[in-house]
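Before any comments, here is the structure.
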Amino acid sequence: MSIVPRSPADRVIVVGGGVAGLATALRLAACPTSCPVTLITAVPLGLGTATGWAQGGIASAIGRDDAPALHAADTQAAGAGLTEPETALGVAQAGPGLIDWLVGLGIRFDREADGALALGLEAAHCRRRIVRARGDSTGATVLEGLVRAVQACPTVEVMVATLHDLIRDSEGAVRGVVCARDGAAFRLPARAVVLATGGLGGLYASTTNPRGATGRGLLAASRAGAALRDLEFVQFHPTAIASGRDPMPLATEALRGEGAALIDEHGERVMVGVTGGDLAPRDVVARGIFQALARGRTVYLDTRGPLGRSMPTRFPTVAALCAEAGIDPAVQPIPVRPAAHYHMGGILVDAAGRSTVPGLWACGEVASTGLHGANRLASNSLLEALAFAPRIADSIADAAPATAPIRPAPLPTAFAGGEGAPDAVRAIMERHVGVVRDEAGLTQAIDLLERRKDCPAAETGLMIARAALARRESRGAHWRSDFPGQLPAHHSVTAPAEASAEQELSDA
């Protein structure tokens, strides 16, 4: 049988080398009407992604006492009124099948002696439903398995490059990307683009994210005319290890699920009197620690005793991080503080992962699917990306290719790139757009960031700060000390940025 050659414009481009990008590429390759897939990643596969640093696990209602409806209810409760119920239920229902899919790829999860999956407990979950691999190395294990599968897939091409912009046609549909490598920009045409570029924790001085996580995908989507939603909701993980490293290593929430307690330097419980205590939702715990630090206290995660002694086998990643910092968790408490961890806002997408711009889809942390609302439930992040990947693949397979004419346009003469946000931007975001916010600080942040708008990181930070200033209430991960009450639940939608010089497809 002869194979009809295809134009490069028939490809689908997936931008991002974490779980969202890898899973989407694999699902696209498996479609009956599959077309070539180009996976663009800023670093070589398997390196420098937030997926690889994810310790907690994947939430899935597979226990005998559990059900997707219970999982969905926990997701909605954590989302503080902004989680879409149908999205929460649909993702929860997909969970068991997604675990099976990963097992089919050769990914080995932790199991009990009888062979059943070992299920852990994390904050704000009413059941033990956290599926883990190698204790606290779930993200790395899943990433390794997905990378192997992609590398073995003949229809997926992997390219190391950095996203610069999106190509559009005369009707505004996305038709490819402008990327850069070694300082030189180039175009890649496509029939569809999936942004799976992750979050923006790297905009903050204290973060658990890779330094390169600065919201580049958000910015590119906005410039292309896509609507963004709920940008103000930045989740701060309460227990980043305060050891002086940048990015900050993480002490997984699962430790508190297994009995670790938050204490101050006097041994007093930090979360005493708070509903849920040490297992309250992340935003509540992060604020509790933040307020203790503001009062001059030092906060520790206390794993001393049997839990600390078992950490080298049960939580080897955290044990190694503690050893690197000179901490023995069996006899010493672990110093912790909140750090930027996950962005609940993102590119507004529908149930199939489609943005408001034809030709553009988004998956994972860069997308606002309606699952997380104002505060993500622990271990729902990998689950969300895995759940939306097949939806996106099916949607792209069913979409008619755009036919509007496109004209050549000059490439940028210089690439305003470089991985990581400048220290000045990170300091502004940390001080004024952090765990607790107010009008004076946000107004100052906007003024300072506007002076640096030629920097992509500052431009993205500016969108976050403006959204935070506009939401005059406290909800989930967005806490305004000057507006501690709540308004009727509502989403915030950020109008698309005015397009810069239009990027169009060349004849080459």
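Numbering starts at 1 and runs along the sequence shown.
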Is the shortest heavy-atom distance from the side chain of [X] to the side chain of [Y] under 4.5 Å?
X: Val177; Y: Ile167; answer: no
X: Leu39; Y: Glu157; answer: no
X: Trp101; Y: Arg27; answer: yes
X: Gln486; Y: Ser474; answer: no
X: Pro338; Y: His237; answer: no
X: Phe388; Y: Thr87; answer: yes
X: Val178; Y: Leu166; answer: no
X: Leu22; Y: Leu45; answer: yes

I need the minimum non-hydrogen distance between [X] and [Y], along with the two atoms involved.
X: Glu171; Y: Asp169; answer: N-OD1, 2.9 Å
X: Ala220; Y: Leu163; answer: CB-CD2, 3.9 Å
X: Leu200; Y: His343; answer: CD2-ND1, 3.4 Å
X: Ala161; Y: Cys179; answer: CB-CB, 4.0 Å
X: Leu231; Y: Ala467; answer: CB-CB, 4.0 Å
X: Thr83; Y: Thr75; answer: OG1-O, 3.6 Å

Please list, one pair per line, the donor and acceptor atoms closer than 3.5 Å that link side chains of residues 344-353 to other protein atoms, with sequence neighbours excluded.
residue : atom : partner : partner atom : Å
Asp350  : OD1  : Ala352  : N            : 2.9
Asp350  : OD1  : Gly353  : N            : 3.1
Asp350  : OD1  : Arg354  : N            : 2.9
Asp350  : OD2  : Arg354  : NE           : 2.8
Asp350  : OD2  : Arg354  : NH2          : 3.0

[atom1] of [X] to [atom2] of [Y]: how many Å apart, nearest 0.5 Å?
X: Met159; Y: Thr41; atom1: CE; atom2: OG1; result: 12.0 Å
X: His491; Y: Arg229; atom1: NE2; atom2: CZ; result: 4.5 Å
X: Leu146; Y: Leu26; atom1: CG; atom2: CG; result: 6.5 Å
X: Arg64; Y: Leu119; atom1: CZ; atom2: CG; result: 11.5 Å
X: Leu462; Y: Leu203; atom1: CG; atom2: CG; result: 11.5 Å
X: Arg475; Y: Leu82; atom1: CZ; atom2: CG; result: 5.0 Å

Any sub-3.5 Å donor-acceptor pair from [X]'s side-chain atoms to [Y]'s backbone N or O?
X: Thr214; Y: Ala421; value: no
X: Arg216; Y: Ala213; value: no
X: Arg191; Y: Arg11; value: no
X: Thr162; Y: Ala42; value: no
X: Ser170; Y: Ala404; value: no
X: Glu430; Y: Tyr204; value: no
X: His478; Y: Arg471; value: yes
X: Thr460; Y: Pro456; value: yes
X: Thr207; Y: Gly201; value: yes
X: Arg168; Y: Gly172; value: no

Qualifying residues under salt bridge (Lys or Arg N to Asp or Glu O under 4.0 Å), relative to [X], sequence neighbours excluded:
X: Arg426; value: Asp246
X: Arg108; value: none
X: Asp182; value: none
X: Arg466; value: Glu450

Applying side-chain contact (heavy atoms from CB on, under 4.5 Å) to Val160 and Ile40, what does each step give before you reach the verdict? CA-CA 6 Å; Val160 178; Ile40 297 173; over 6 Å; no

Run the salt bridge (charged side-chain N to carboxylate O under 4.0 Å, His left out) test on Arg132 and Asp110 for me, step by step, so that the C-alpha distance in whole Å, both residues' side-chain angles and the decisive distance to 0.1 Å come before the verdict. CA-CA 6 Å; Arg132 300 183 188 138; Asp110 296 344; over 6 Å; no

I would like to know whether Thr208 and His341 meet side-chain hydrogen bond (donor to acceptor under 3.5 Å, both in side chains); could you show each step before the answer? CA-CA 5 Å; Thr208 65; His341 184 62; 2.6 Å; yes

Run Glu232 and Val433 through side-chain contact (heavy atoms from CB on, under 4.5 Å) and show every step you take. CA-CA 9 Å; Glu232 61 271 29; Val433 199; over 6 Å; no

Can you check side-chain contact (heavy atoms from CB on, under 4.5 Å) on Arg437 and Trp479, steps first, answer last? CA-CA 6 Å; Arg437 305 158 174 181; Trp479 191 264; over 6 Å; no

So, applying side chain to side chain contact (heavy atoms under 4.5 Å, CB included) with Ile58, which one of Asn380, Leu102, Val19, Leu98 is it?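 Single pass found, and it is Leu102.
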
Test side-chain contact (heavy atoms from CB on, under 4.5 Å) on Phe109 and Ile107; report intermediate values, then the result. CA-CA 7 Å; Phe109 292 104; Ile107 295 171; 3.9 Å; yes

Review item, side-chain donor-acceptor pairs of residues 369-376, under 3.5 Å, at least two apart:
residue : atom : partner : partner atom : Å
Thr369  : OG1  : Leu371  : N            : 3.2
Thr369  : OG1  : Glu384  : OE2          : 2.6
His372  : NE2  : Tyr342  : OH           : 3.2
His372  : NE2  : Glu384  : OE1          : 2.9
Asn375  : OD1  : Gln235  : NE2          : 3.0
Asn375  : ND2  : Asp283  : OD1          : 2.7
Arg376  : NH1  : Ser381  : OG           : 3.4
Arg376  : NH2  : Gln235  : OE1          : 3.4

Determine whether Asp66 and Arg129 satisfy the following criterion, salt bridge (charged side-chain N to carboxylate O under 4.0 Å, His left out), listing intermediate values before the conclusion. CA-CA 8 Å; Asp66 205 356; Arg129 64 167 68 100; 2.8 Å; yes

Within the 3.5 Å criterion, strictly below it, is a donor on Trp361 or Ser395 matched to an acceptor on the partner's side chain?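 Note: Trp361 and Ser395 side chains meet the donor-acceptor criterion.
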
Which label fits His71 and His125: parallel for a plane angle under 30°, tilted from 30 to 60°, or perpendicular past 60°?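 Ring orientation, 0 to 90° scale: tilted.
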
Step by step, work out the salt bridge (charged side-chain N to carboxylate O under 4.0 Å, His left out) result for Asp74 and Arg127. CA-CA 9 Å; Asp74 288 346; Arg127 297 289 189 273; over 6 Å; no

